[in-house]
Protein chains: 2
Amino acid sequence: MNLKQLSRHLGLSQTTVSRALNGYPEVSEQTRLRVQQAAEALNYQPNTRAKSLATGRAQAIGHVLPISSSHEMVNPVFGDFIAGAGSTYSDAGYEIVISLVKDRAEERAYRELHRRGSVDGIIVHGPRMKDPRIPLLRDLGLPFVVHGRASDETGPYSWLDINNQRAFERATEFLLDLGHRRIALINGLEFMDFAYRRRAGFEKALRNRDLAPDPALMRSEEMTEIYGFRAAREMLALENRPTAFLVSSMITAIGVRRAIHEAGLELGRGASVITHDDDLGYLRNGHSVPIFTATRSSVRLAGERAAAMLLDCIRDPGCEPKTQLLEAELIIGASTGPAPQG
Amino acid sequence: MNLKQLSRHLGLSQTTVSRALNGYPEVSEQTRLRVQQAAEALNYQPNTRAKSLATGRAQAIGHVLPISSSHEMVNPVFGDFIAGAGSTYSDAGYEIVISLVKDRAEERAYRELHRRGSVDGIIVHGPRMKDPRIPLLRDLGLPFVVHGRASDETGPYSWLDINNQRAFERATEFLLDLGHRRIALINGLEFMDFAYRRRAGFEKALRNRDLAPDPALMRSEEMTEIYGFRAAREMLALENRPTAFLVSSMITAIGVRRAIHEAGLELGRGASVITHDDDLGYLRNGHSVPIFTATRSSVRLAGERAAAMLLDCIRDPGCEPKTQLLEAELIIGASTGPAPQG
DNA sequence: TTGACTATCCAAAGCGCTTTGACTGACATG
DNA sequence: CATGTCAGTCAAAGCGCTTTGGATAGTCAA
């Protein structure tokens, strides 16, 4: 069933039927009702491709996901992010197009999505400090919102980020207040903007108390469980071992916890852990009592907000770039305690 | 830059340029070369929408993801599945369209994807034992491949599954051989086909040794960490507590491990654990020595295979449904040991 | 020289929709 | 009565591509 058939069936022109269904005012209420009922009854749905060809709007949002070549994985927070963004999109009649890209070939992917007319806007995931995608998208004139920020980018652009620096600064202060002096940072890849900022927060808090960050206690890698385990195990084997760990993701923190147990220590006693917590659906940080003391910020919420921002940008192309900075909450769980007396 | 402009630039007709680029034989090699070079130089990419309108092929594959209403989450294995499928799709020039759907509204989503002409084929995720989507898609005539199976479905359809029953049967036998008699099953939702089959395998192994499954030691829920923790904690508080746990996912097994530690037991000593392991990128089950004894099957590989099957079905619409059953590997890790002497 | 091919190219129709510009009555206005 | 206004409708063009059905020129055997 297409427009032509429907309009013939109704004895109306395609124009009128199209207008009736799309809410244009030049059609009588009576006709509109008749058309809507017939469309419903005959199960008519406009062909997306034809519609977008005619309007020039793709009615789709692009998400380009880099696949890490070392672990061939998609960032595990993506599922929750898209779960948040999804309903916003579909309420507005947008589809989601995802494009998987090996590492740095992303630029090409963006170019193609744009030139092929596949999408009306893009969410940029995993920005690095200096990220060529931002000027590129600006050049292309394709609306976009960055999930995160790019520290080295000077021009204006829309972004939604959490206050990573402040979150890790507070977490570090919390540990310092508990008496910890040897604090390890198990960070994400530090060319990623979020990880860079977290490190900055960590170092700032230390310096504020006249402590120097110890390179032996700082790691930066892709945030897998095994990475957390190995990093913590190695550090716990040091002569002058850390009494606390500040970790960039729950998954990695689980690895750290495993190493702590293996070393015969108890979480929150022999070794404290604070992690960042994206509040993932399948990996909730406890219920009444949090498992880990954590800096928490829901990535699902970020998805909702970012999607709304992007749709705004698409609706009003001339608008100023919007920004949104969310604060992470510091929640106190059972994984932290006073520094052991040494 | 569109076809019209490109062909004018070359002094050729649109027909010839289109044919040259799409590899039709009715164009001289010399002309083809000239066209290809110009297309490259001028950065020409055909508009996907126009192309698919003209050809009737959408050049896109649909993935409908149910969002669990209780946890508002997307199944965490999806990222890896799509990472596997992605390159197969993009090599063949297909885009990925994903559609998020709250729980059971899926049927409508499939119908719409089809009627709107958004996709040429669909991967069905998370089949239940009796799944209305299968007859629906058959009716619609839309090519599809099911990731998993639907036990109650009698008609033919294409699927790719792992041998869930055999995997859990073997795992149970392994525990029985170690002397365990009270074995708990921490399963996924049992209206899901995979969970149903796993339970069947578990019960079969018990019955083969004349043991009756104990309902107090069997749970079925969405596979989150917290679920594993709670279920295991409650069971460990029983008078006649289990000595081993058979768990349906790594994430849940991590919760089980947490409960075991909390109870003051040691993994592989006081309590053994076997889990199913999807071999997720961010959650590898150890490196040389596996953390958990596990039934392992890579979901990324399943994604690759399923995508290839689907593309085959699309290319050859009249073909017989294909099926593929992958065996899970039983890998022995440090989480299992002989049953404690009671 | 002719007819049959072959190789190479093109004009135009068509995919299913939106949108422009024009038309038709009905009604009010002067 | 002529004119203007307005609500409601439609025919047709156009979005960027593919594909059908020629057209043209060159080749070659009869």
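Residue numbers start from 1 in every chain, and the chains themselves are labelled A, B, ... in the order their sequence lines are given, proteins ahead of strands.
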What is the nucleic acid contact for R19(A), judged by heavy atoms within less than 4.0 Å: base, sugar-phosphate only, or nothing? base
Rounded interatomic separation in angstrom, taking NZ from K4(A) and P from dC15(C): 6 Å
Could you state the CG-C1' distance from N47(B) to dC17(C), rounded to the nearest angstrom? 14 Å
Any side-chain N or O of N22(A) under 4.0 Å from OP1/OP2 of dT18(C)? yes
Counting only side-chain N and O atoms of T55(A), is one of them less than 4.0 Å from OP1 or OP2 of dT18(C)? no
For the pair made of CZ in R115(B) and C1' in dC15(C), what is the distance, rounded to whole Å? 19 Å
Remember a base hit wins even if backbone is also touched, and classify S52(A) as base, sugar-phosphate or nothing at under 4.0 Å, heavy atoms. nothing
R57(A) side chain: which of dT19(C), dC17(C), dA11(D) is closest? dT19(C)
Determine, for K130(A) against E153(A), whether the closest basic-nitrogen to carboxylate-oxygen distance falls under 4.0 angstrom. no
Can S118(A) and E95(B) be counted as having a side-chain donor-acceptor contact under 3.5 angstrom? yes
Picking from dG16(D), dC10(C), dT9(D), the nucleotide nearest the side-chain atoms of L53(B) would be dG16(D)
Do the side-chain N or O atoms of Y44(A) get closer than 4.0 angstrom to the phosphate oxygens (OP1, OP2) of dC17(C)? yes
Atom-to-atom span, CD of Q30(B) to P of dT8(C) - whole angstrom: 9 Å
Among dT18(D), dT8(C), dA11(D), the one nearest E26(B) by side-chain distance: dT8(C)
Contact under 4.0 Å: T16(B) side-chain N or O vs dC9(C) OP1/OP2: no
For the residue pair R115(A) / N43(B), report whether a side-chain donor-acceptor contact shorter than 3.5 Å exists. yes
Among dC17(C), dC17(D), dT9(D), find the nucleotide with the atom closest to the side chain of T31(A). dT9(D)
Please confirm whether the ring centroid of H63(A) lies under 6.0 Å from the ring centroid of Y89(A). yes
NZ/NE/NH1/NH2 to OD/OE distance under 4.0 Å, E26(B) and R32(B): no
Nearest-nucleotide pick for L3(B), side chain only, options being dC17(C), dT9(D), dT18(D): dT18(D)
Considering only dG16(C), dC10(D), dC17(D), which nucleotide approaches the side chain of T15(A) most closely? dC10(D)
V27(B) has a side chain; which of dC9(C), dA11(D), dT18(C) sits nearest to it? dC9(C)
Could you tell me the separation between the CZ atom of R8(A) and the C1' atom of dG16(C), rounded to a whole number of Å? 13 Å
For side chain to side chain contact (heavy atoms under 4.5 Å, CB included), just list the numbers for D193(A) and D131(A), CA-CA rounded to whole Å, side-chain angles, deciding distance to a tenth of an Å, and then say yes or no. CA-CA 9 Å; D193(A) 194 79; D131(A) 203 308; over 6 Å; no
Atom OH of Y24(B) and atom C1' of dT18(D) are separated, to the nearest Å, by 7 Å
Nucleotide dG16(D), atom P - distance to CG of L6(B) in whole Å: 14 Å
Quickly work out the N2(A) CG to dT18(C) P distance and round it to whole Å. 12 Å
Which nucleotide, dT9(D), dC17(C), dT18(D), lies nearest any side-chain atom of L12(A)? dT9(D)
Please figure out whether G11(B) or S18(A) has its closest DNA chain C nucleotide nearer the 5' end. G11(B)
